[in-house]
Amino acid sequence: RRNLRLLSHDQVELARMLLNEGQGHLFEHWPEPGVDDDKKKSFFDQVCRLNSSYPGGLAAYIQNAKKLLADSKAGQNPYDGFTPSVPSGEALTFGDDNFVSLEAAGVKEARNAAFVLVAGGLGERLGYKGIKVALPRETTTGKCFLQHYIESILSLQEASCKMEGECHTKIPFAIMTSDDTNALTIKLLESNSYFGMEPSQVKILKQEKVACLADNDARLALDPNDKYKIQTKPHGHGDVHSLLYSSGLLEQWKSTGRRWVLFFQDTNGLLFNAIPSALGVSATKGYNVNSLAVPRKAKEAIGGITKLTHVDGRTMVINVEYNQLDPLLRATGHPDGDANCETGYSPYPGNINQLILELGPYIEELKKTHGAISEFVNPKYTDSTKTAFKSSTRLECMMQDYPKTLPPTAKVGFTVMDTWLAYAPVKNNPEDAAKVPKGNPFHSATSGEMAIYRANSLILRKAGAQISDPVVSTFNGQEVEVWPRVTWSPRWGLMFKDVKRKVHGNSSISQRSFLVINGQNIVIDGLSLDGALIANSVDEAEVKVTGHVENKGWTIRHVDHRDTSEKEETRIRGFKFEKVEQLEVNYTEPGKHCLSP
Ligand code: UGB
């Protein structure tokens, strides 16, 4: 009590609240005033931060925790009363007329969009020390994920403005970081001049961690190394909603005519193949919420999009997280649980956590909830009495749970696309990836990069070019298809219509080839490539690439993930390219050019 005079009025109120919420243990060890006073003040600075960063404050956090911990102890299933069934949504086929017209509709809408990248996760499963958005998306060009995302947004901006005959729109881009990723993300942007985006377009929102819970009474855990500090852990990607709300960004976006907010995750190198058509679906169907999905293999570590019907008649279409889908199915009359059906896939589409929300209804909902998202707790108990935890726990929330609070009138849908086109995350370290059951995706740096070449090769094939079949190779214990290493800048091939216009059917690329296309007006017409070709051009140049290009090219060398002489980003993918011979052309002057060796 005598320590109270060290505190400001607001801090005294917080101390009272903590005592009322059964948190007296936080102060039990406090010595008399005069000893450790600075540490006591910094303790309250932390309490203030924890209080202001949680919707409803720390008192609400403790109360929510007490309830969720009691439910967990009682073995209460959050899906009690709900029966799952397979929902229906939009299934798109790459390259058909419907897809092409949805892509055009989506690009038209893109100037009314804002993008939000959730990048606060450290990627513990990947075992990579840096931030994941700094990893190369593919190592032919070495461009990192963040560069690819920014270039994709800029090319959408350019194409959309062109379609609408205007030139002033700048698509806003928000990035959610955390203490683990904030400084490195800002450094990556600043040291690369924001990869060509205007710095004012980019807003960084840092999520705060939440207090850890030591026991079933939701007593806050003190940091084992500092008794004047509450231990904290990440609260999950669901924080993005409260941060967008409290930052005022949503209102700002609305006042500048934005209509859509597109959320995406840190390492999906294929995502922007799916964005234009999915945004087209949102715009033409008038979806308030549109989740992107891919066919899902049973037990794959991605959530399943499920229709849930409650005994009281309520229904919702929502992601059921991968660890909850199996118990839910078993509890509702599906003895095989999370299993594949006759198609070889789970009947529940796989959530890839790329959400498109309509801004107006989103703001209205957040005015009610302040962005608070339904939470869960996952304590690891010491034994079946569930009285003690092995280590402290905390509340968590997921961004895809946003629709849980929506009224039944909300239009919630989803769009399913082929995995090869839309989804190739980099999440698993080499050892774990090598243990993935046969037929399930690895979600590793190896598969993430190979998926880019596969998608680009298949897109070129669909455009009419002859692309050699892949060979099968094993890197870091993972068997993958190795297609010709074809990459292009987003401005070259934003929509399938663009690729079709720039690739003529009389071209061919051999399996051992590497092709980099870096320039908006490069046309591949009558090219026969057997080696490595890098074509760069300025916008004002119109370049026709034709004729037979043959050279020794680049070779693929295996790298063992345990080989510490290699860089970590190389080790996690298990291979590197050695540049033996290549043809590199740079067209820097406007006008028509022809590359014809
Ligand atoms: N993230 C944050 O920004 N802050 C956090 O506190 C935590 C994460 P993970 P997860 O598409 O493959 C999700 O760890 O959560 C960011 C979906 O829940 O990569 O296990 C982080 O930086 C699941 O339904 O994935 O699983 C990253 O960008 C499925 O869709 C993103 O949040 C799965 O992703 C996801 O974090 C998937």
Side-chain angles (χ1 to χ4, degrees), residues 53-54 115-128 130-135 145-146 149 174-182 184-185 204-210 232-244 262-271 274 291-297 299-306 318-325 338 346 348-355 373-376 378 394-404 414 416-417 419 422-429 432-433 436 440-445 447-448 451:
S53 59
Y54 186 82
F115 283 81
V116 179
L117 166 64
V118 289
L122 244 198
E124 280 155 346
R125 273 193 273 163
L126 181 63
Y128 173 68
I131 50 169
K132 288 169 78 180
V133 290
L135 278 171
F145 281 102
L146 190 55
Y149 295 151
I175 307 176
M176 181 171 81
T177 58
S178 67
D179 278 325
D180 295 328
T181 62
N182 190 59
L184 288 173
T185 307
I204 304 279
L205 302 172
K206 184 163 79 69
Q207 64 176 145
E208 294 296 333
K209 291 183 178 167
V210 286
T232 58
K233 284 189 183 164
H235 189 220
H237 33 75
D239 278 349
V240 71
H241 301 293
S242 61
L243 276 174
L244 283 172
L262 290 91
F263 295 83
F264 63 109
Q265 301 194 152
D266 48 18
T267 60
N268 181 5
L270 295 180
L271 172 70
S291 306
L292 266 67
V294 295
R296 172 179 183 278
K297 285 278 185 188
K299 316 256 178 345
E300 196 178 329
I302 62 177
I305 296 185
T306 309
I318 195 86
N319 171 69
V320 175
E321 202 56 343
Y322 43 90
N323 53 344
Q324 292 182 321
L325 187 59
D338 181 11
S346 156
Y348 299 92
N351 164 48
I352 61 170
N353 239 15
Q354 328 288 327
L355 310 175
I373 294 298
S374 130
E375 292 168 304
F376 62 97
N378 193 11
R394 84 288 196 183
L395 301 191
E396 295 178 75
C397 61
M398 300 189 293
M399 71 169 167
Q400 66 270 35
D401 280 343
Y402 161 72
K404 279 190 172 165
F414 63 93
V416 189
M417 272 182 240
T419 307
Y423 186 55
V426 176
K427 296 197 179 209
N428 289 329
N429 61 56
D432 290 346
V436 163
N440 277 22
F442 299 118
H443 294 172
S444 66
S447 60

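Just the heavy atoms: all of them, side chains too, but no hydrogens, waters or symmetry mates, feed the values below. For ligands, and for the atoms within them, numbers begin at 1 and follow the listed sequence.
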- Query: Looking at Phe115 versus Tyr149, is the centre-to-centre ring distance below 6.0 Å?
  - Reply: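 No, they do not, as the ring centres are separated by 6.0 Å or more.
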Donor-acceptor pair, distance only, cut-off 3.5 Å: does the side chain of [X] make one with the backbone of [Y]?
X      : Y      : answer
Arg394 : His235 : no
Asn428 : Phe442 : yes
Thr181 : Thr177 : no
Asp401 : Lys404 : no
Asn351 : Gly304 : no
Lys299 : Asp338 : yes
Gln207 : Gly236 : yes

Can you tell me if [X] has a non-hydrogen atom under 4.0 Å from ligand 1?
X      : answer
Tyr322 : yes
Arg125 : yes
Gly236 : yes
Gln207 : yes

- Indicate whether any N or O donor in one side chain lies under 3.5 Å from an N or O acceptor in the other, for Gln400 and Asn353.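 Result is yes, a qualifying pair exists.
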Go through it in stages, so that I can follow the logic: the residues are Phe145 and Leu117, the test is side chain to side chain contact (heavy atoms under 4.5 Å, CB included), and I'd like the CA-CA distance, side-chain angles, deciding distance and then a yes or no.
CA-CA 11 Å; Phe145 281 102; Leu117 166 64; over 6 Å; no
Starting from [atom], locate the nearest protein heavy atom and write down its residue, its atom name and how far away it is, to 0.1 Å.
atom                    : value
atom 3 (O) of ligand 1  : Gly120 N, 2.7 Å
atom 12 (O) of ligand 1 : Tyr423 OH, 2.3 Å
atom 30 (O) of ligand 1 : Asn351 O, 2.6 Å
atom 25 (O) of ligand 1 : Lys427 NZ, 2.9 Å
atom 21 (C) of ligand 1 : Asp266 OD2, 3.5 Å
atom 32 (O) of ligand 1 : His237 CD2, 3.2 Å
atom 35 (C) of ligand 1 : Gln265 OE1, 3.4 Å
atom 23 (C) of ligand 1 : Glu321 OE2, 3.3 Å

Could you pull out, from Val118, Leu126, Leu117, the option with a heavy atom nearest to atom 16 (C) of ligand 1?
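Nearest heavy atom to atom 16 (C) of ligand 1 lies in Val118.
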Are any of the N or O atoms of [X] closer than 3.5 Å to those of ligand 1?
X      : result
Pro234 : no
Ile302 : no
Gly303 : yes

Notebook entry, point to check: side chain to side chain contact (heavy atoms under 4.5 Å, CB included) between Lys209 and Ser178: does it pass, once the steps are laid out?
Noted result: CA-CA 8 Å; Lys209 291 183 178 167; Ser178 67; 5.6 Å; no
Which one holds for Ala119 and ligand 1: side chain close, backbone close, both close, or neither close, with close meaning a heavy atom under 4.0 Å?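 For Ala119, only backbone atoms sit under 4.0 Å from ligand 1.
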Residue portion contacting ligand 1 (non-hydrogen atoms closer than 4.0 Å) for His443: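 Near ligand 1, His443 shows nothing, with every heavy atom at 4.0 Å or more.
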Practice prompt. Take Met398 and Glu396 through the test side chain to side chain contact (heavy atoms under 4.5 Å, CB included) and record every step on the way to the result.
Written response: CA-CA 7 Å; Met398 300 189 293; Glu396 295 178 75; over 6 Å; no
Point to revise | Atoms in ligand 1 flagged as close to Ile352, the criterion being non-hydrogen separation under 4.0 Å | key: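 The list of qualifying atoms is 11 (O), 30 (O).
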Within the 4.0 Å heavy-atom shell around Asn353, which atoms of ligand 1 are there?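 So the atoms of ligand 1 that pass are 13 (C), 17 (C), 18 (O), 30 (O).
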